[in-house]
There are 4 protein chains.
Amino acid sequence: MTQSILRVDPSSAEPLFAQLVAAVKRAVATGKLRPGDKLPSVRELAAELTINPNTIAKAYAALEGEGVTVSRHGSGTFVADRRVTLRRPEQKRRLREGLDALLSDAVHLGLSEDDVREEFDDAMKRVRFEGDAEERKP
Amino acid sequence: MTQSILRVDPSSAEPLFAQLVAAVKRAVATGKLRPGDKLPSVRELAAELTINPNTIAKAYAALEGEGVTVSRHGSGTFVADRRVTLRRPEQKRRLREGLDALLSDAVHLGLSEDDVREEFDDAMKRVRFEGDAEERKP
Amino acid sequence: MTQSILRVDPSSAEPLFAQLVAAVKRAVATGKLRPGDKLPSVRELAAELTINPNTIAKAYAALEGEGVTVSRHGSGTFVADRRVTLRRPEQKRRLREGLDALLSDAVHLGLSEDDVREEFDDAMKRVRFEGDAEERKP
Amino acid sequence: MTQSILRVDPSSAEPLFAQLVAAVKRAVATGKLRPGDKLPSVRELAAELTINPNTIAKAYAALEGEGVTVSRHGSGTFVADRRVTLRRPEQKRRLREGLDALLSDAVHLGLSEDDVREEFDDAMKRVRFEGDAEERKP
DNA sequence: GTGGTCTAGACCACA
DNA sequence: GTGGTCTAGACCACG
């Protein structure tokens, strides 16, 4: 099941470990991984993605640092219960910055306002916010 | 006037030249810089930001490579007329990827669906899509 | 093996990095380098050509910007899979401009129509268009 | 009449003076300018193109250096009788290099062999080789 | 004065 | 080991 979720593109400019972090966070954000779910072991995932185990370990460490996962000695790495660490103004500031960068890029790509609104609505359907109902997505 | 637009944070993880590229693109996308406007000269901006001129030059070269600006030897660097080179499916693909990453982050930040919609609408007001009315923003 | 492909003429008016870019693109276009092939490392090639590593890096960055190569941090620079990003009218416009300039030069060089046709046919045999058979040229 | 022939694009990466040189050579190659025809004066052309007269003078000097034009004191600059200065092997070598570069670019642009042949034939119709009939093109 | 190229050498991040 | 960033400083070409 994880093989369909955690993918990585070696040709991307984004570092492999960062791609992994993003993939796990996205899986959590979309409900494909839920609190308590176990992530594959470092060695397992390294073999599956044909990636250096150090790279996996680095990604897992970063995820734990962000509070997305917790690792329990001897049993593995698990999705953590959601906890919010940043203060609300800081949360919004980050979102705002990301949005500005994204929309600026969209303009330079030549997309129209309608294009952007449409894709935004689609993307919103793909994520599950905190209070959303909890049926796991296929 | 440019000193209020082109800023850079030396302590950021993002490379200086990339910050500059993003800043110029955003200024163009928001209408603060318009086609034909002249950017500060390499040396001028280098002095203003206390950055090495080569770093500015690298940013300007990247901008020209993306078609955002044109550099005229002997006279300076100018905002280019907008031209779209990518094909539409590719444009949308990039937007979609950016949106997924952003919304996934938003979820992990602990923001609600309403928060995101609100910030999105605000951000949309700050950019000027092709065909928008052309009054320059203050 | 690369020493026979990537050459540079320091006395030429063309910038060194641009010569390198052209050499790599030609090697790809003629099938001497194929998607997935690894280019020499920056330092390696710098030593071989007795050129500053920064100059090589600049060429590689330009190639990546054009989508000819992909650079993977920690592992090297590789020939990218071919992907076309420009729109067809733009593609043709560029070709047309190049042809006009070239033929105009040919006339001024004193060459005949037959000379040009003959050299054109020869040159066409040296490149491999998309979809051509894939045997690597010696 | 020259206003329709000698055009220049300030946004191009090619230096203005080089664009002028190319434009004159192309006009000669296509028969729009013939041996003996007078070019506009430096000041005249500078005014017409709103370009620095030094730039025009530089282009005219380069053209004279290449033997494309001759300047007669007090009367102006004229298209020279065609004379070939390079040796034939050198001529062909230059053409070959230009063709290789052009076709390599065409491949990277994503054009097909048929596209290139078609555009080549079109471009050949636009130039007038040495022995061609001499009716001036409109 | 403008941008562009190149060198030299330091330092960082990724795998 | 790989590529990427940044600085410092020299030199060139264009207008």
When rounded to the nearest 0.5 angstrom, what distance separates [atom1] in [X] from [atom2] in [Y]?
X	Y	atom1	atom2	value
Thr77(D)	Leu63(D)	OG1	CG	8.5 Å
Ser75(B)	Leu16(D)	OG	CG	7.5 Å
Ser104(A)	Leu99(A)	OG	CG	12.0 Å
Leu95(B)	Leu103(A)	CG	CG	8.0 Å

message = Looking at Thr77(C), I'd like to know whether one of its side-chain N or O atoms comes within less than 4.0 Å of OP1 or OP2 on dG3(F).
response = yes
key: Contact pattern, 5' to 3', of nucleotides 7-15 of chain F - B, S or - by protein heavy atom under 4.0 Å   = BBB---BBS
What is the separation between atom [atom1] on [X] and atom [atom2] on [N], rounded to the nearest whole Å?
X	N	atom1	atom2	value
Glu64(C)	dG3(F)	CD	P	11 Å
Phe78(C)	dA15(E)	CZ	P	12 Å
Leu45(A)	dA15(E)	CG	C1'	15 Å

message = As a test of your reading of the structure, name each stem of DNA chain F as range with range, where a stem is three or more consecutive Watson-Crick or G-U pairs at under 3.5 Å.
response = E:1-14 with F:1-14
ask   = Which is it for Glu90(C) and Arg93(C) under the salt bridge (Lys or Arg N to Asp or Glu O under 4.0 Å) test, yes or no, and what are the steps along the way?
value = CA-CA 5 Å; Glu90(C) 173 70 8; Arg93(C) 194 189 60 72; 3.1 Å; yes
request  = List the steps and the verdict of salt bridge (Lys or Arg N to Asp or Glu O under 4.0 Å) for Lys25(D) and Asp105(C).
outcome  = CA-CA 7 Å; Lys25(D) 288 174 76 171; Asp105(C) 279 350; 3.6 Å; yes
key: side-chain hydrogen bond (donor to acceptor under 3.5 Å, both in side chains) contacts in which one or both residues fall within residues 9-18 of chain C, not counting sequence neighbours   = Asp9(C)-Ser11(C)
query = Checking side chain to side chain donor-acceptor pair (under 3.5 Å) for the pair Thr69(C)/Glu64(C): CA distance, chi angles, key distance, verdict?
reply = CA-CA 5 Å; Thr69(C) 62; Glu64(C) 183 158 28; 5.6 Å; no
